[in-house]
Participant: 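Handing you this structure, nothing more for now.
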Amino acid sequence: MTFLEEIGGYLIMIRHAFSKPEKTAMYSKETFRQMADIGVGSLPIIAIISTFIGAVTAVQFSYQLKSIGLVPMWWMGSIVRKGLILELAPTITALLLAGKVGSNIATELGSMRISEQIDAYEIMGVNTRSYLVGPKILAALVVVPMLIVIAVALGILGGWAGGVLGHFFTTAEYVRGLQDNMKSWDVVVMFIKCFFFAFIIASVPCYKGYTVSGGALEIGRASTQAVVLTSIFLIIVNFFIAFFLLDSSGG
Amino acid sequence: MIEIKNITKSFGEQSVLKGITATFMEGKCNLVIGKSGSGKTVTLKAMVGLVEPDEGDVLYDGRSFTNMNFKERKSIRREIGMLFQGGALFDSLTVEENIRFPLDMFTTMSLAEKVDRVNFCLNRVNMINTNRKFPGELSGGMKKRVGIARAIVLNPKYLFCDEPNSGLDPKTSIVIDDLIKHITEEYQMTTVINTHDMNSVMGIGDHVVFLHEGLKYWEGSHKEIMQITDGELFDFIFASDFLKDLRRKATL
Ligand SMILES: Nc1ncnc2c1ncn2[C@@H]1O[C@H](COP(=O)(O)OP(=O)(O)O)[C@@H](O)[C@H]1O
Ligand SMILES: [Mg+2]
């Protein structure tokens, strides 16, 4: 298959994924099941990683700022908060999900394809793109932003713990920084990222899994490709969102 | 009755079906036989639209499936049940949920009515009290039975079975064959079965279509098949020299 055919196939899949469901109740049930799959399964690892990312951000930046010496340490609250909201929480969460959720989705759909479960749905008259792909994308659109918000919160907590335990700043200083220089635009940008990331994390692996042909070996290959492609798309889209939405005047 | 008319299908350069015409009769087990790779699965999938044939037509009791739009096809598919080679049960659903799925999706029956219907079908395939089991907990033969139960839950007029015996021991194979035959006769379905198992041919082959190199090589009943003494079909039936010898001695 050529690159253009792949893109075409992907777009057709997306279009069908949002066609009118046969029976709304069945689709919402499937969507909730996917939400639980994506959310509950990923929460522990995201909690651990975002806490430590927040902590290490606080420690490293404090270390650098201390050596420069001109900057008040209460700035750290603002630096950690901004770093997490604009970049670290969305990107790291999304990359984690690309690995975990992405490979799950590709493997699940791939094995459904190989074991003819997708054919079995089709033969019953179920539109499999809308029944199998649609709920996954919808679920991701709901759950991924929630996970990213949780990652921001835990990252901020981690930053506080890291900085205070390392004697870089006091709790009062950190809290002062957290409240300083708040821009709602930052949060808007974060949610725009969430939206694009969620869409990529679900749809690319769906496409890779849905179009598997062959055997077990191809499922593994599709799953790996799904993770790699998803990660690449995430990082590129991440750059363009920052490039177009954050202007150089700093707000 | 299902008729296929001059069906062709190629994958890239490889021409798999080269114009197949056949008739499959109501209330009968119609067998499509042939070596593995001869195009049995492609034929079956072309009949139900899982594979789009390049040319030709499929008629369901005179209704041309090939010329139907998506919506019309869907309504025909409500009349079709299919048993897949590995059962194709939905892994994440229990046995009951698997069989109930078409009812959940396409009927407005109450839960109690649906469960009744599921239990009726489970009973029909001798699998009562397996409602809560997951496909992963079932043996190959049990999966096929649940697959049959799911295929017949909406009372289909047409039943398709792709290699119902593959991967089963000879005894279980006969049980599954008999089950399919009884259900076919009981509900007067038009049943099309792919197989390369000669036991099935002799046991339930009311009407047999032999595919060879993309063409229909022979068509007849399992009684007629025993009269064959030569050619590709003879080679297929009596695959080993030992069997060929036996057959020749029997005719002497
Ligand atoms: N989706 C496909 N793409 C390419 N080739 C296929 C596809 N499906 C089947 N074939 C080829 O068609 C031929 C017949 O396959 P099949 O109908 O599965 O044989 P069988 O009689 O064993 O069921 C095989 O050579 C197979 O490789
Ligand atoms: Mg086959």
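Here is the naming used below: chain letters follow the sequence lines, and residue numbers restart at 1 for every chain.
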Participant: Measuring from A:Gln117:CD to B:Leu93:CG, what's the distance to the nearest 0.5 Å?
Facilitator: 8.5 Å
Participant: Is chain B contacted by the side chain of A:Met26, its backbone, both, or neither, given a heavy-atom distance below 4.5 Å?
Facilitator: side chain
Participant: To the nearest 0.5 Å, tell me how far B:Leu50 CG sits from A:Glu116 CD.
Facilitator: 8.5 Å
Participant: Using heavy-atom distances under 4.5 Å, tell me whether A:Tyr121 contacts chain B through its side chain, its backbone, both, or neither.
Facilitator: both
Participant: Verify, without hydrogens or angle tests, whether A:Lys23 (side chain) and B:Thr107 (backbone) share a donor-acceptor contact under 3.5 angstrom.
Facilitator: yes
Participant: Test side chain to side chain contact (heavy atoms under 4.5 Å, CB included) on B:Arg78 and A:Met124 and set out the steps.
Facilitator: CA-CA 6 Å; B:Arg78 302 285 147 79; A:Met124 292 174 187; over 6 Å; no
Participant: Could you tell me which non-hydrogen atom of A:Ala120 sits nearest to which non-hydrogen atom of B:Phe84, and how far apart they are?
Facilitator: CA-CE1, 3.4 Å
Participant: What's the separation between atom CZ in B:Arg77 and atom CD in A:Glu122, rounded to the nearest 0.5 Å?
Facilitator: 6.0 Å
Participant: For a 4.5 angstrom cut-off between non-hydrogen side-chain atoms, does B:Phe160 reach A:Ile123?
Facilitator: no
Participant: Any idea which of B:Leu154, B:Leu89, B:Asp91 has the most non-hydrogen atom pairs under 4.5 angstrom with chain A?
Facilitator: B:Asp91
Participant: Tell me whether the count of non-hydrogen atoms from other residues, nucleotides or ligands lying under 6.0 Å of CZ in A:Phe18 goes above 12.
Facilitator: yes
Participant: Which is it for A:Glu108 and B:Ser92 under the side chain to side chain contact (heavy atoms under 4.5 Å, CB included) test, yes or no, and what are the steps along the way?
Facilitator: CA-CA 10 Å; A:Glu108 183 189 332; B:Ser92 56; 5.8 Å; no
Participant: Atom OG of A:Ser115 and atom CD of B:Gln85: how far apart are they, to the nearest 0.5 Å?
Facilitator: 12.0 Å
Participant: With a 4.5 angstrom heavy-atom cut-off, which part of B:Leu83 approaches chain A: side chain, backbone, both or neither?
Facilitator: neither
Participant: Does atom NZ of B:Lys35 have more than 12 heavy-atom neighbours, drawn from other residues, nucleotides or ligands, at distances under 6.0 Å?
Facilitator: no
Participant: Please say whether more than 12 non-hydrogen atoms of neighbouring residues, nucleotides or ligands are located less than 6.0 Å from CZ in B:Phe134.
Facilitator: yes
Participant: Check this for me, if you would: do A:Asp119 and B:Lys45 make a salt bridge, where the nitrogen-to-carboxylate-oxygen distance has to be below 4.0 angstrom?
Facilitator: yes
Participant: I would like to know whether B:Phe101 and A:Tyr131 meet ring pair (Phe, Tyr, Trp, His ring centres under 6.0 Å); could you show each step before the answer?
Facilitator: CA-CA 13 Å; B:Phe101 187 88; A:Tyr131 183 64; 5.6 Å; yes
Participant: Measure distances from B:Arg73 to the heavy atoms of chain A and classify the residue's part below 4.5 Å as side chain, backbone, both or neither.
Facilitator: neither
Participant: May I have the step-by-step check of side chain to side chain contact (heavy atoms under 4.5 Å, CB included) for B:Met105 and A:Glu22, ending in yes or no?
Facilitator: CA-CA 7 Å; B:Met105 198 62 141; A:Glu22 278 98 14; 3.9 Å; yes
Participant: With a sphere of 6.0 Å drawn around CZ of B:Phe90, does it hold more than 12 non-hydrogen atoms of other residues, nucleotides or ligands?
Facilitator: yes
